[in-house]
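These notes concern the structure reproduced below.
Note that this is a predicted model, so its numbers are computed, not measured.
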Amino acid sequence: MLGREAIGIDLGTCNTLIYVAGKGISISEPSVVAVEKGTNKVMAVGADAKRMLFKTPGSIHVIRPLRGGVIADIDSTEKMIRYFLSRAIPRFRLVKPRMVIGIPSTITEVERRAVEECAYKVGARDVVVIPESLAAAIGADIPINEPAGHMICDIGGGTTEISVISLGDMVVSNAIRTAGDDFDEAIIKYVRSELNLIIGGSAAEFLKMELGNVFPDRELEKAEIKGIDSSSGLPKRLEIDSEQIREALKVPVVKIVDEIKTVLGLTPPELAADIVENGIIMTGGGALLKGFTRLISKETGVSAILAQRPIECVAIGAGRYYENTKGMESTRTMYESLNT
């Protein structure tokens, strides 16, 4: 089966997902690797490695090998993918599957080649890289091959990609390096400047997931956080609420909303009319922030819809890429035959 079908990979800044034909999502793990200093021996990968972040002795180095949606450490990325593939596909070295990998549309040629090189090194027979928004659209079951405009906004860990798709390709597209990691960083900065408390990335991620919201809500939620008092340097705990988190997230959220407006403004009128009818489809982990679809609908006047399984859309779409390509090719062949 795998000799004929491709596996789809969402090589994300925060999480890596692998889709295998016939099995679905087989891997969904943090993009983190822990290695022993000096020997570079892999100590842990994925969730096990993430639990070590900021808690290791000097002999262990914990690495997030992707930054801003691109490979920052190719050696660690290779080790990470190899480990995940060994779990997703029994005897994967003998299978040598085709791989389709979702990447940001803003990626440079050098960065694209690094992704391909990494995939071939771990044992791919063939490698195709496609824009994340195109993969996300396929994974969200958007009929991308139709002569109609469909808009998708994929908010990942390192990048947010917004595209208008028609007839199997992107008509208008842009990506910005403002996404989930920036939400965490905004919370860290806010807590330090407004509450005089120093917290780490894990605490910020917890607050984002527990209290994260971008649209005013009558219900005020609260959570306790622990950190270091920036004045005394001593451990401290305090309570924070969802309204404060919404204020913390304002800057990166506004950047994303403004980018959606920009892409809408660049969209041809005929396709824009289709988008008003079809709505804006939201994918990626960042789209799960409470109230995001409501905020985008209010700011753009176009309904925003959260896709089913939004975190998995890029991996699923990458895995189904060849199937969708065949559909587009058959349509083109039919029209070509009419012209001969």
Test item: [X] and [Y] side chains (from C-beta on) under 4.5 Å apart, heavy atoms:
{"X": "Ile199", "Y": "Leu197", "result": "yes"}
{"X": "Pro97", "Y": "Ile89", "result": "yes"}
{"X": "Leu66", "Y": "Met80", "result": "yes"}
{"X": "Glu132", "Y": "Thr159", "result": "yes"}
{"X": "Ile27", "Y": "Arg87", "result": "yes"}
{"X": "Ser173", "Y": "Glu161", "result": "yes"}
{"X": "Ile74", "Y": "Glu117", "result": "yes"}
{"X": "Leu195", "Y": "Ile240", "result": "yes"}

Look at the side chain of [X] and the backbone N and O of [Y], then say whether any donor-acceptor pair between them is shorter than 3.5 Å.
{"X": "Asp181", "Y": "Gly68", "result": "no"}
{"X": "Asp169", "Y": "Leu167", "result": "no"}
{"X": "Glu111", "Y": "Thr108", "result": "yes"}
{"X": "Ser230", "Y": "Asn196", "result": "yes"}
{"X": "Thr160", "Y": "Ile256", "result": "no"}
{"X": "Asn278", "Y": "Asp274", "result": "yes"}
{"X": "Ser232", "Y": "Leu234", "result": "yes"}
{"X": "Thr56", "Y": "Ile60", "result": "yes"}
{"X": "Lys23", "Y": "Ala88", "result": "yes"}
{"X": "Glu210", "Y": "Leu207", "result": "no"}

| task | Tell me whether the guanidinium CZ or amine NZ of Arg98 lies under 6.0 angstrom from the six-membered ring centre of Tyr322 and within 45° of its axis. | result | yes
Counting only heavy atoms not in [X], do more than 12 fall under 6.0 Å of its [atom1]?
{"X": "Glu221", "atom1": "CD", "result": "yes"}
{"X": "Lys255", "atom1": "NZ", "result": "no"}
{"X": "Glu194", "atom1": "CD", "result": "yes"}
{"X": "Lys37", "atom1": "NZ", "result": "yes"}
{"X": "Arg177", "atom1": "CZ", "result": "yes"}
{"X": "Lys226", "atom1": "NZ", "result": "no"}

What pair of heavy atoms forms the shortest contact from [X] to [Y], and how long is it?
{"X": "Ser105", "Y": "Pro131", "answer": "CB-CB, 4.5 Å"}
{"X": "Val122", "Y": "Glu78", "answer": "CG1-O, 3.5 Å"}
{"X": "Ile63", "Y": "Pro65", "answer": "O-CD, 3.3 Å"}
{"X": "Ile187", "Y": "Ala204", "answer": "CD1-O, 3.7 Å"}
{"X": "Phe215", "Y": "Lys298", "answer": "CE1-CD, 3.6 Å"}
{"X": "Lys261", "Y": "Thr300", "answer": "CG-CG2, 4.2 Å"}

| task | Could you tell me whether Lys79 and Asp73 make a salt bridge, using a distance below 4.0 angstrom between a side-chain N and a carboxylate O? | result |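 No, no charged N to carboxylate O under 4.0 Å.
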| task | Could you tell me whether Lys208 and Glu205 make a salt bridge, using a distance below 4.0 angstrom between a side-chain N and a carboxylate O? | result | no
How far does [atom1] of [X] sit from [atom2] of [Y], to the nearest 0.5 angstrom?
{"X": "Ile225", "Y": "Glu239", "atom1": "CD1", "atom2": "CD", "answer": "10.0 Å"}
{"X": "Lys55", "Y": "Ser202", "atom1": "NZ", "atom2": "OG", "answer": "6.0 Å"}
{"X": "Ile81", "Y": "Ile18", "atom1": "CD1", "atom2": "CD1", "answer": "7.5 Å"}
{"X": "Ser297", "Y": "Arg294", "atom1": "OG", "atom2": "CZ", "answer": "9.5 Å"}
{"X": "Glu247", "Y": "Ser242", "atom1": "CD", "atom2": "OG", "answer": "12.5 Å"}
{"X": "Cys118", "Y": "Met99", "atom1": "SG", "atom2": "CE", "answer": "9.0 Å"}

Are a donor atom and an acceptor atom from the side chains of [X] and [Y] found within less than 3.5 Å of each other?
{"X": "Ser31", "Y": "Thr16", "result": "yes"}
{"X": "Glu36", "Y": "Thr39", "result": "yes"}
{"X": "Asn15", "Y": "Glu29", "result": "no"}

Cut-off 3.5 Å, no hydrogens considered: what does the side-chain donor-acceptor table look like for residues 283-293, sequence neighbours left out?
from	atom 1	to	atom 2	distance (Å)
Thr283	OG1	Asp154	OD1	2.7
Lys290	NZ	Asp217	OD2	3.1

| field | side-chain contact (heavy atoms from CB on, under 4.5 Å) between Gln244 and Asp241, worked out | value | CA-CA 6 Å; Gln244 291 172 301; Asp241 61 47; 3.4 Å; yes
| Passes side-chain contact (heavy atoms from CB on, under 4.5 Å), Ile162 versus Thr262? Steps please. | CA-CA 10 Å; Ile162 305 131; Thr262 298; over 6 Å; no
